[in-house]
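Scroll down for the structure; my scribbles are underneath it.
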Amino acid sequence: MHLLLSRGPAGVSLTELDDSGAIVRGPDDVVDLAAEVAIRERVSAGARWVWDDTSRWYPGLLRAGVRVGRCIDLRLCRAILRNSSLTAASALARCARDGWDEPTPEPRRGGAALFEVDEEPDDGAMGEFVRQQAAVAATADPARIGLLLAAESAGALIAAEMRFAGLPWRTDVHDAMLSDLLGPRPAGDHRPVKMQAVLEAVRATLDMPTLNPDSPSELLGALGRAGLQVQSTRSWELQSIDHPAIRPLLEYKKMARLLSANGWNWLDTNVADGRFRPDYVPGGVVTGRWASKGGGGALQLPRQVRGAVVADPGWKLVVADAAQLEPRILAALSSDRGMVEAGSAGDLYAGIVASGAVDTRAHAKVAMLGAMYGATSGESGRLLPRLAKAYPRAIAFVEEAARAGERGEIVTTRLGRSSPRGASAGYDETATAADVTRARAQARSWGRFTRNFVVQGTAAEWALCWMAGLRGRLLGLGQARGDFTSGAHLVFFLHDEVVVHCPDRLAEQVEHEVRAAAADAGRLLFGALPVEFPVTVAIVQDYGQAK
DNA sequence: TATACATGCGCC
DNA sequence: AAAGGGCGCATGTATA
């Protein structure tokens with residue numbers, strides 16, 4: 001059953017549809033949205049809400065204490081169906097771009113709006129839902145892209161719920177870490193004392209009392225005058241230099257990064273009431289990964305500050321990481337039995353070493369990363385032929401994805417998300433040698449993108465299925481729906497890692513559900529193929545204790 | 001003064 | 001050791 005919510009000039013209306021998409025009832029005006037949704041969630045078990053944009057409907061429902069089980073996010077689904085090779089012949093994919101192709105409008109600030117953004121684009125949610133259902137139904141295997149649409153939509157629910165619940169954050173712990181490393185919080189925009197001391201050491205060593213190390217060009221000049229031949233001021237390049245200024249300089253850079261990215265200003269801006277509430281953007285990356293905006297860089301949370309993520313008293317954090325997700329995804333995508341086998345004992349990289357393909361775990365790792373990213377030189381590039389010999393199907397799979405990109409073709413993930421079409425840099429008989437070189441370099445660059453797209457994108461699909469399944473399992477652990485204060489719930493997501501906040505007594509159960517959901521996700525994507533997705537789980541008091 | 005771009009670095 | 005995929009943000013610098 002589908003329950004379609006629509007917002008028009010006259011207010012909110014609800015239409016009930018059966019599984020074929022036929023209207024069973026409505027549209028009916030909705031007076032009290034939260035109450036209506038809450039009732040339907042109780043009465044119509046398993047119903048799927050259909051709405052234009054989860055980020056516009058769901059936060060309000062959550063604030064009213066209402067959670068929903070399942071939904072279809074028409075805007076996110078449009079983006080997938082518009083581009084997918086599986087639906088390329090559909091009316092939806094061929095229609096002119098319209099409001100459904102636009103990103104979520106920025107929320108209106110207070111006062112009169114210049115234009116109305118609360119209404120749905122164009123011909124309404126019903127029209128779009130029908131178009132989407134037709135596009136899915138016309139594919140050879142509707143369940144495949146159907147799963148992707150469901151998972152993407154579940155992700156939107158989860159993103160809203162994680163923002164609502166928030167990641168538990170101890171401001172006092174964070175402040176103590178900063179004070180310890182940098183010195184106490186200074187007044188105004190002065191540098192903290194420990195940081196200032198390190199800076200003075202740099203200045204003294206270089207004999208430049210007014211050096212501003214935050215200016216790359218100034219720093220580059222200063223290092224040059226000190227006789228240091230460097231192309232840039234990047235830390236990794238400086239590391240290899242033997243000079244008394246380097247150690248304090250690297251130390252300063254580390255401190256400056258912490259201060260500017262996750263210092264007191266970050267705390268003031270992003271943590272309130274003991275919670276960090278990131279602004280996730282499901283589907284925000286072309287590959288299907290999530291992005292984040294504002295909200296303090298949720299997907300770049302440095303390990304350095306994770307100790308400030310502390311479970312509430314009587315609660316635990318269950319931190320779960322899908323081990324070597326992308327290589328395992330590649331093994332499954334390519335049905336490379338050898339690579340699947342290498343991962344079956346636990347550590348995929350150790351398995352590769354055991355097969356004799358390479359001699360150390362570090363080599364296995366760098367070679368695999370190179371294969372998935374398209375490395376051509378360096379250690380990674382040198383090891384690639386050995387990997388190709390041991391795992392021909394896996395390597396052929398990414399090579400073919402790369403060649404397709406170089407030819408200007410699109411590639412598609414396991415469930416049906418397709419890459420954008422690259423800008424083809426063609427050349428004709430008037431092209432100079434430099435033009436040809438440039439065009440080929442651009443083609444190879446796009447090939448590296450499509451090579452990685454199939455792996456990263458399918459890994460993102462696996463992660464969505466994992467998280468969606470876990471969410472359902474956590475909802476079944478017995479807490480009252482809509483209550484984030486008594487039951488296990490997701491609080492953080494980072495591509496292949498999730499954090500669940502739960503009462504002490506539920507932690508072991510949560511660990512079990514996390515692993516079970518991972519196994520489910522593997523079966524959903526790859527069916528009977530015996531590929532395993534082991535999960536590393538840590539039950540901890542603070543996030544810093546994990547890994 | 002506002003905006004756009006480059007650099008550097010954090011995450012996967 | 002620093003090549004190869006995807007991001008976001010703070011800061012400095014250049015340009016309008």
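So you know, we letter chains A, B, ... as the sequences are listed, proteins then strands, and number each from 1. Computed from heavy atoms alone, side chains included, the values below leave out hydrogens, waters and symmetry copies. For clarity, every value in this text was computed on a predicted model and none was experimentally measured.
When each of B:dG10, B:dC12, C:dG6 is scored by its nearest atom to the side-chain atoms of A:Asp496, the top-ranked nucleotide is B:dC12. The side chain of A:Leu494 lies closest to B:dC12 when the candidates are B:dC12, B:dT7, C:dC9. Comparing atom distances between the A:Gln239 side chain and each of C:dG4, C:dG12, C:dA2 picks out C:dA2 as nearest. Nearest to the side chain of A:Ser292, among B:dC12, B:dG10, C:dG8, sits C:dG8. Closest to the side chain of A:Arg448, from the set C:dG8, C:dG5, B:dT7, is C:dG5. Checking C:dC9, C:dG12, B:dC12 against the side-chain heavy atoms of A:Asp214 singles out C:dG12 as nearest.
Atom CD in A:Glu461 sits roughly 21 Å away from atom P in B:dC12 (whole-Å rounding). In this structure, A:Leu220 places its CG atom 12 Å from P of C:dT13, rounding to the nearest Å. Atom CH2 in A:Trp236 sits about 13 Å away from atom C1' in B:dT7, given to the nearest Å. Protein atom CZ of A:Arg328 is 16 Å distant from nucleotide atom C1' of B:dC12, rounded to whole Å. Residue A:Glu326 contributes atom CD, which lies 12 Å from atom P of C:dG6 at whole-angstrom precision. Separating the CZ atom of A:Phe493 from the C1' atom of C:dG6 is a distance of 13 Å, rounded to the nearest angstrom. Atom CZ of A:Arg234 and atom P of C:dA2 are 13 Å apart (whole Å). Between A:Asn262 atom CG and B:dG10 atom C1' the separation is 8 Å, expressed in whole Å.
Applying the 4.0 Å criterion to OP1 and OP2 of B:dC9, one finds that A:Ser235 has a side-chain N or O inside that range. For C:dG4, the OP1/OP2 oxygens have no side-chain nitrogen or oxygen of A:Ser377 closer than 4.0 Å. An OP1 or OP2 oxygen of B:dG10 is reached within less than 4.0 angstrom by a side-chain nitrogen or oxygen of A:Lys254. The side chain of A:Lys253 contributes an N or O atom lying less than 4.0 Å from OP1 or OP2 of B:dC9. Side-chain N/O atoms of A:Ser215 include one lying less than 4.0 angstrom from OP1 or OP2 on C:dT13. Contact annotation: A:Thr233 does not reach the phosphate of B:dT7 (side-chain N/O to OP1 or OP2, under 4.0 Å).
Residue contacts shown for A:Arg444 are absent, as no nucleic acid heavy atom lies under 4.0 Å away. Counting any heavy atom pair closer than 4.0 Å across all strands shown, A:Ser380 reaches a base atom. No engagement by A:Gly284 is indicated, since no non-hydrogen atom pair under 4.0 Å with the nucleic acid exists. Using a 4.0 Å heavy-atom criterion, one finds that A:Val455 contacts no nucleic acid atom at all. Contacts of A:Ser232 with the nucleic acid, taken as non-hydrogen atoms under 4.0 Å apart, involve only primed sugar atoms and P, OP1 or OP2. Across all strands, A:Ala291 comes closer than 4.0 Å only to sugar-phosphate atoms, never to a base (heavy-atom distances).
Residue ring and nucleobase are not stacked for A:Tyr373 and C:dG4 under a centre distance beneath 5.5 angstrom and an angle between planes beneath 30°.
Checking A:Tyr391 against A:Ser334 by side-chain atom types alone, no donor-acceptor pair falls below 3.5 Å. A:Glu379 and A:His363 share a donor-acceptor pair across their side chains, judged by distance under 3.5 Å alone. Side chains of A:Thr413 and A:Thr458: no donor on one and acceptor on the other come within 3.5 Å.
Taking only distance into account, the side chain of A:Arg289 never meets the base of C:dC7 through a donor-acceptor pair shorter than 3.5 Å. Side chain A:Arg303 to base B:dC11: no donor-acceptor pair is found below 3.5 Å.
In summary, A:Glu218 and A:Arg225 do not engage in a salt bridge, as defined by a charged side-chain N under 4.0 Å from a carboxylate O.
When the options A:Glu406, A:Glu326, A:Glu399 are evaluated for a salt bridge (Lys or Arg N to Asp or Glu O under 4.0 Å) with A:Arg451, the one that passes is A:Glu399.
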>> Test side chain to side chain donor-acceptor pair (under 3.5 Å) on A:Thr450 and A:Ser419; report intermediate values, then the result.
In response: CA-CA 7 Å; A:Thr450 51; A:Ser419 64; over 6 Å; no
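Positionally, the nearest nucleotide of DNA chain C for A:Gly374 lies more toward the 5' end than for the other of A:Gly374 and A:Gln300.
No more than 12 heavy atoms of other residues, nucleotides or ligands shown are found within 6.0 angstrom of CZ on A:Arg247.
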